[in-house]
Amino acid sequence: MASKQLKHTAQLDASIQERDVETQVKSTYKAVEVAAPCAYREPEDVSRRLHRAEMRYESQIETQRRYIPMKSINKVVKISAQTMRKVLKRNSIRFAAAVLIALASFVAAPNAALAAAPQHHDQQPGFYRVRVGELEVTALYDGTRAFDPHWLNGTKATMDGVVKGLHEDPQMLDVVDNGFLVNTGKQLILVDAGAGTWWGGGALGRLAGSLRSAGYTPEEVDLVLLTHLHSDHVGGLTTQDGKRVFPNADVYVAKVESDFWLSPDVAAKAPKDAQPFFQSAQAIAAPYIKAGKWHAFSGSDPIVDGMQVVPLPGHTPGHTGYEFTSKGQTILFCGDIVHAQRVQLEHPEVTAVFDIDQTAAAATRNQLLPKLAAENVLIATPHSSVFPPLGRLRKEGSGYSWVPVVFTDRWDER
Ligand SMILES: [Zn+2]
């Protein structure tokens, strides 16, 4: 059974390895040209202009001063006090004119100044907080990569539509990768850890930086809940030289999941191309196992107050969601129930080559999505087409649309 399922993973791995270095990085770092802010100029621009005009006329006065004595020598004419007053008066009139010209050019031609402003290609830090009852939930950006249409399995008509859509909008399958931090007031709980250096060819692995930008440190994290052991979700736990990135955290993962990826027997039976998945999972888990910080739970084991484990099998054998409820509000950390939002929400029957059991993955999605839409559950997704990766589902025809949480720079009390 394992080897048949893992065939998908094997195909996936080969194409990903190539893509990681080539296409993913290129498309992720597609230049995002940020236009210089255009409508408003800071006051110092005016004073800089005035200063430049002043300097210009200072130098003209200086030229005239030098010029007058020359004339006086040539013509042997002494400059009377009256002449000097006239010169100074003329200069002051010219200076006033320069001021007016500078002001006029500020009003009439702002584009001339904008052309001189350097572009800024850096972006804002990747985190976003929402309130869920008494919980503070922070989405942590790990990176963005392009999803290959060949990684999706659907009917010919659907997939033709995807290829056409991608032609019209090359960003249609761009996927934002995320983890999440839940601050319960008592504990800091990380849900998935991003890819670290284990996946994504350099396009991913920003999560720890996003965590710091959000005002926390990896050392402060008490618990890590893992949806599954694919390296884009667990790579951020461990450095390549085997150090724990979250040295004080206890890591929890479903026993079925842990047993599958960490089993030397299962790994030995897996196709050769699938071996890296097992190797990375084992290397990432190793320092936590050694430190007694790796915990494999069964369905009914309580882990955190106010949190429910939601088994979502199919994508991987022990793929798990985590649902937190506080003061009547709920958020579901849904794991890889959907990879390409803009395709799989409209066509929930479409599966991904990442799904080890494609039939079970589709069945789980078909059961879960109607429930989430009907109950208007807030969803935190590790793979989104927008950031923040938080939103709700709305039924639309035979599929669903994503209703994103709208960005605000305030702490929304609702
Ligand atoms: Zn994933």
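Just follow the structure's listing: the first ligand is 1, and inside any ligand the first atom is 1.
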Does a side chain donor of either [X] or [Y] reach within less than 3.5 Å of an acceptor in the other side chain?
X      : Y      : value
Ser258 : Trp294 : yes
Asp174 : Thr144 : no
His150 : Asp148 : yes
Asp265 : Ser263 : no

Could Lys255 and Phe297 be counted as a cation-pi pair, given that NZ or CZ must be under 6.0 Å from the ring centre and within 45° of the axis?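 Judged by the rule, Lys255 and Phe297 form no cation-pi pair.
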
Would you say the rings of Phe278 and Phe260 are close, in the sense that their centroids are separated by under 6.0 Å?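 Yes, ring centres under 6.0 Å apart.
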
Polar protein atoms (N, O or S) that approach the Zn ion (ligand 1) to under 2.8 Å: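 Near the Zn ion (ligand 1), the protein supplies Asp232 OD2, His233 NE2, Asp336 OD2, His383 NE2.
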
